[in-house]
Amino acid sequence: MDVFCGNGYGTWYLAEDRFVLGVDGSTEAIEFANMHYRRQTNFFSASYYPFELPKGAFDFVVALESIEHVKEGGEFFARMCDSLKPGGDLIFSTPCEDCLPLYATGNHFHHRHYSMEETLQMANSNNMKLQGFAGQDVYRITESGLQGELLSDADMRLKAGSVGQFLIVHARKKHSLKKSDGRRFNPFALFEARGFGWGER
């Protein structure tokens, strides 16, 4: 499942060799997704949070730049965890308050940013276990401490195990079971496909 899937590109990519449900609160985004990113292996649904998720239903959940948009972020995170099968993977990303404070962005659609410590604590909560994380810097910071222009593609490379303006985290639900098809979800393939390869630690 791809939560808050936006225009559907990520869902389309993930559905290359697996079935994926993409969910977003914007009916316009879902209409665009159905027009441009439909496959036989994906499905899009317009649902505005809060929504219920079936428990123990999904092999993986992806939630990129999502949790900061939800006022009750802890509850949202717990629902995603509950929706995973044992051994299922959760990939989520969020702005890091340590490197990109909410006040610096001027983004009124974000309820809060999470520190690195808080983000990694989430990854080890709700019967989940942290598998790995990476940091990514995206913006220049002005002399007044505010979000500036975009960095170059080279400067946006993911840095495994390091803090950044954005944190990309992989957690796995405990009591792992072997998947029926024997494959493991590649948690960072979506970022690699967009050119954000792994950098040096």
* **Test side chain to side chain donor-acceptor pair (under 3.5 Å) applied to Asn42 - qualifying residues, sequence neighbours left out** =>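 In terms of side chain to side chain donor-acceptor pair (under 3.5 Å), with neighbours along the sequence ignored, Asn42 is linked to Arg38.
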* To do: With sequence neighbours excluded, tell me which residues meet side chain to side chain donor-acceptor pair (under 3.5 Å) with Thr94.
  =>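 If we apply the side chain to side chain donor-acceptor pair (under 3.5 Å) test to Thr94, skipping adjacent residues, the hits are Glu68.
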Backbone N/O of [Y] and side chain of [X]: donor-acceptor pair under 3.5 Å:
X	Y	value
Ser93	Glu65	yes
Asp24	Gly6	yes
Thr41	Ala15	yes
Asp2	Thr11	yes
His113	Leu100	yes
Gln165	Pro95	no

* Asked: With sequence neighbours left out, what residues match Arg112 under salt bridge (Lys or Arg N to Asp or Glu O under 4.0 Å)?
  ->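 Partners of Arg112 under the salt bridge (Lys or Arg N to Asp or Glu O under 4.0 Å) test: Glu118.
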* To do: Go through the structure and list residues passing salt bridge (Lys or Arg N to Asp or Glu O under 4.0 Å) with Arg140, not counting sequence neighbours.
  =>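 With neighbours one apart ignored, the set is Glu149.
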Contact between [X] and [Y] at the side-chain level, heavy atoms closer than 4.5 Å - yes or no?
X	Y	answer
Val61	Leu90	yes
Gln136	Ile168	yes
Cys96	Thr119	no
Val20	Phe60	yes
Phe166	Leu64	no

* Interatomic distance, Asp137 atom CG to Leu150 atom CG [nearest 0.5 angstrom] ->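 Asp137 CG to Leu150 CG: 12.0 Å, rounded to 0.5 Å.
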* To do: Show your working on side-chain contact (heavy atoms from CB on, under 4.5 Å) between Cys5 and Phe44 and close with a plain yes or no.
  => CA-CA 9 Å; Cys5 65; Phe44 293 103; 4.0 Å; yes
With hydrophobic residues grouped by side-chain heavy-atom distances under 4.5 Å, do [X] and [Y] end up in a single group?
X	Y	value
Leu84	Phe19	no
Leu120	Ile67	yes
Tyr49	Met1	yes

* To do: Could you label the plane-to-plane angle of the Tyr37 and Tyr9 rings as parallel, tilted or perpendicular, counting under 30° as parallel and over 60° as perpendicular?
  =>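 The rings of Tyr37 and Tyr9 stand perpendicular, inter-plane angle above 60°.
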* Leu21 versus Phe58, closest heavy-atom pair with distance ->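 Between these two residues, the closest heavy atoms are CD2-CZ, 4.3 Å.
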* Asked: Closest heavy-atom contact between Ala134 and Leu158?
  ->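 Reported closest heavy-atom pair: CB-CB, 4.3 Å.
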Residues 122-129 side chain polar contacts: donor-acceptor under 3.5 Å, at least two apart:
{"unit_1": "Asn124", "atom_1": "OD1", "unit_2": "Leu130", "atom_2": "N", "d": "2.9"}
{"unit_1": "Ser125", "atom_1": "OG", "unit_2": "Met122", "atom_2": "O", "d": "2.7"}

Side-chain donor-acceptor contacts of residues 69-78 below 3.5 Å, not counting sequence neighbours, with atom names and distances?
{"unit_1": "His69", "atom_1": "ND1", "unit_2": "Phe109", "atom_2": "O", "d": "3.3"}
{"unit_1": "Glu75", "atom_1": "OE2", "unit_2": "Arg79", "atom_2": "NH2", "d": "3.0"}

* **Donor on one side chain, acceptor on other, Ser115 and Glu117, under 3.5 Å** =>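 No donor-acceptor contact under 3.5 Å links the two side chains.
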